[in-house]
Amino acid sequence: MKKETTAEAALFKDGRDGKGTPRFRRWIFAACLALVFAAGSAVYALTAEAGEYRTAMAFFEENRLSAEGLSRADVKAVYRDITTRSFTCSRTADVMRHSVPGWDIRQAEPTPEELAALWDRNVWRKNESAGEVSYHVDWQYALDEERGLEVVDKCLLECRRDGVLLWSAAFTDFCVEGTSRFGGVTAVWGWNETFSTEETKYGWIALVDETGTVLWQRRLEHHFNWEYIGTVLRRGDGIWAVFSRGDFKDLCLTLLDADGNELSCVRTPVGNLGIKNAALLGDGYVVQLINSLDHDTALLYWLDREGHVTDTCSYEADDCEYHLTDMIEFAGQIYLSGYAVPKQNDEGGRHEIAQVLDYVFSREDYGIGVTDEELTPIVRDNYTAVLLLCDPQGGSPKTFYSVKGSLGGKLSVNGEGLLEWDAESVTTTFFSPATSSFTIGGSCKVFRYTFDSAGVLIGERDTGETVPYRR
């Protein structure tokens with residue numbers, strides 16, 4: 001079922017500590033010292049080099065790092081790179097990739113019968129698990145006579161389980177953009193617009209109980225022209241942590257008490273990075289930021305309890321790129337779900353499938369006649385689902401699991417207290433060059449893998465669910 005392999009993930013630290021170290025040069029004095037000590041410097045250098053090499057090798061052995069193929073200079077360079085937390089040496093990536101243990105989960109290729117059955121289904125329909133709660137938002141519009149255009153008049157939020165309506169709630173002060181369920185309550189967030197001399201967008205958050213009653217709602221007022229809420233978490237002490245970005249430059253963490261009253265707000269300039277996800281981690285948080293311009297989703301920021309940034313990291317490798325889709329804290333460790341794709345030579349307008357499109361367009365008919373049987377194996381070869389188990393302090397990968405032909409999906413903890421990871425296996429595809437929102441569509445089967453508190457794979461199953469694939 002599983003096969004030991006080497007890690008494909010390499011961790012690169014930002015390395016910027018914000019400390020400037022002035023360097024003063026005394027050329028004449030240095031020249032005099034060189035004349036005086038020239039005779040003894042060579043012996044000292046050899047002794048120092050040997051000592052540093054022994055220290056570096058001891059470090060390699062202690063941390064089970066492989067020195068295979070490295071020269072003495074390489075060993076010392078990697079040792080310095082890691083211990084100084086610089087992570088800028090190119091050989092460091094090779095060492096980590098060949099030293100971090102991981103497991104390749106073998107997954108059977110879909111049979112012709114399975115392909116036929118899936119193709120007969122509505123490939124855009126997402127099958128939900130039994131008992132799963134889902135939300136639907138209906139935006140209702142009305143004419144603003146003063147401005148002569150239609151504006152959002154009301155957002156109707158519906159909560160359903162297995163398709164059965166549990167409750168609904170109407171919001172007139174803001175447009176609903178996101179929801180998250182915490183036990184018996186649902187956090188709802190979004191934005192509203194005000195029009196005066198300039199357009200202003202405010203972030204809003206509300207709390208709804210199991211009957212659809214809005215317990216409270218609050219507007220964030222942090223003196224931004226534009227503020228968007230990315231996600232919301234509830235801490236164990238009942239405090240709500242609201243992650244937002246202001247004016248496309250600041251990452252904000254706003255803390256609210258159980259009644260929605262603001263306790264604090266910490267703003268950190270991060271540039272034009274969007275908020276993808278966040279998770280509680282011990283006494284603080286880990287936040288995933290994305291760069292929509294270069295499609296980089298593998299950026300993580302560590303925040304303390306109040307929201308101050310304490311560390312950052314990103315994940316990449318020489319031959320592939322990582323796209324993170326979900327993360328969770330489980331048993332004191334941070335787990336990252338995502339997928340790897342080969343680095344693209346010509347990204348064009350479809351970042352992660354550029355090489356797939358190169359193949360399609362190279363056909364004599366420019367891909368018009370490409371079949372599912374021909375296209376699906378090529379798309380599957382483009383993806384590898386990955387689950388990284390990382391050090392909660394700095395993000396260094398301890399181990400990983402990978403599944404060929406799949407994309408990493410959601411992470412959750414089941415009723416038995418075990419971690420569940422969904423891997424979405426690409427099963428059917430079709431080429432759709434005339435569609436504006438995607439070029440290749442299809443569907444994926446969802447396989448669910450279960451892990452114990454030590455991160456050991458203890459179970460797997462075909463959920464019978466399907467999710468759409470669009471790129």
Side-chain angles (χ1 to χ4, degrees), residues 11-20 82-87 178 180 182 187 189 203 205 218 220-224 227-291 296-315 324 326-337 388-398 411 413:
L11 174 68
F12 290 82
K13 299 294 293 186
D14 190 329
R16 293 172 293 180
D17 59 6
K19 300 178 182 178
I82 296 176
T83 55
T84 60
R85 301 184 65 79
S86 175
F87 293 94
S180 192
F182 300 91
W189 62 88
I205 179 175
R218 297 287 184 271
L220 303 183
E221 299 188 51
H222 299 141
H223 308 292
F224 292 115
E227 184 170 9
Y228 293 91
I229 295 177
T231 190
V232 175
L233 298 174
R234 184 172 68 174
R235 299 193 327 202
D237 57 4
I239 300 298
W240 293 94
V242 182
F243 298 86
S244 64
R245 65 168 181 155
D247 289 343
F248 306 104
K249 62 180 182 179
D250 286 357
L251 169 65
C252 303
L253 174 60
T254 303
L255 301 181
L256 308 176
D257 66 17
D259 297 319
N261 301 307
E262 183 168 325
L263 302 175
S264 64
C265 177
V266 173
R267 302 162 52 163
T268 302
V270 296
N272 191 11
L273 298 175
I275 301 170
K276 174 72 173 179
N277 207 343
L280 296 171
L281 186 60
D283 232 13
Y285 319 86
V286 58
V287 185
Q288 178 190 359
L289 301 182
I290 60 174
N291 187 329
D296 191 355
T297 68
L299 304 173
L300 297 184
Y301 277 62
W302 270 255
L303 277 60
D304 65 15
R305 188 176 181 82
E306 287 73 34
H308 302 97
V309 175
T310 60
D311 210 346
T312 66
C313 75
S314 63
Y315 297 85
L324 300 184
D326 201 5
M327 62 183 178
I328 194 172
E329 186 274 337
F330 176 67
Q333 307 293 327
I334 189 73
Y335 287 78
L336 305 175
S337 173
L388 298 174
L389 192 165
C390 301
D391 180 358
Q393 299 304 318
S396 301
K398 294 182 174 181
L411 291 163
V413 178

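- Residue L263 holds its CG atom at 5.0 Å from CD1 of I239, rounded to the nearest 0.5 Å.
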Report task. Could you go through the side-chain contact (heavy atoms from CB on, under 4.5 Å) check for C252 and F224 one step at a time? Result -> CA-CA 11 Å; C252 303; F224 292 115; 3.6 Å; yes
Query raised in the report: Passes side-chain contact (heavy atoms from CB on, under 4.5 Å), D250 versus E227? Steps please.
Result: CA-CA 9 Å; D250 286 357; E227 184 170 9; over 6 Å; no
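- Checked against salt bridge (charged side-chain N to carboxylate O under 4.0 Å, His left out), E221 has the following partners two or more places apart in sequence or in another chain: R219.
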Requested in this report: Could you go through the side-chain contact (heavy atoms from CB on, under 4.5 Å) check for K276 and L324 one step at a time?
Outcome: CA-CA 9 Å; K276 174 72 173 179; L324 300 184; over 6 Å; no
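- The two atoms that bring V309 and T312 nearest to each other are CG1-CG2, 4.0 Å, heavy atoms only.
- Every residue meeting the salt bridge (charged side-chain N to carboxylate O under 4.0 Å, His left out) condition with R305, not counting sequence neighbours, appears here in chain and number order: D237, D283.
- The closest side-chain heavy-atom distance from R218 to N261 is below 4.5 Å.
- Counting heavy atoms from C-beta on, the side chains of V242 and W189 never come closer than 4.5 Å.
- Within the model, atoms CD of E262 and NE2 of H222 stand 3.5 Å from one another, a figure rounded to the nearest 0.5 Å.
- With T310 contributing its side chain and W302 its backbone, the two residues share a donor-acceptor pair below 3.5 Å.
- Side-chain contact between E306 and L253: absent, with no pair of heavy atoms (C-beta onward) separated by less than 4.5 Å.
- Considering T268, L273, I275 as possible partners of Y301, the one that fulfils the side chain to side chain contact (heavy atoms under 4.5 Å, CB included) test is L273.
- Side-chain contact between L336 and I334 is present, with at least one heavy-atom pair separated by less than 4.5 Å.
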Report task. Just do the side-chain contact (heavy atoms from CB on, under 4.5 Å) check on V270 and R245 with the steps written out, would you? Result -> CA-CA 9 Å; V270 296; R245 65 168 181 155; over 6 Å; no
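- Across all non-hydrogen atoms, the minimal contact from Q333 to P392 is OE1-CD, 3.5 Å.
- Across all non-hydrogen atoms, the minimal contact from M327 to A279 is CE-N, 3.9 Å.
- What you find for N277 and T231 is that their closest heavy atoms are C-CG2, 4.3 Å.
- Considering CG of L255 and CG of L233, their distance stands at 10.5 Å, rounded to 0.5 Å.
- With rounding to the nearest 0.5 Å, the separation of CG in L303 from NE2 in H308 is 9.0 Å.
- Annotation for L280 and R234: closest pair CD1-O, 3.5 Å, computed over non-hydrogen atoms.
- Between W240 and F182, the ring planes lie perpendicular to each other; the angle is over 60°, past the 30° to 60° tilted range.
- Of all heavy-atom pairs spanning L220 and S244, the tightest one is CD1-OG, 4.4 Å.
- For the atom pair CG of N272 and NZ of K249, the computed distance is 12.0 Å after rounding to the nearest 0.5 Å.
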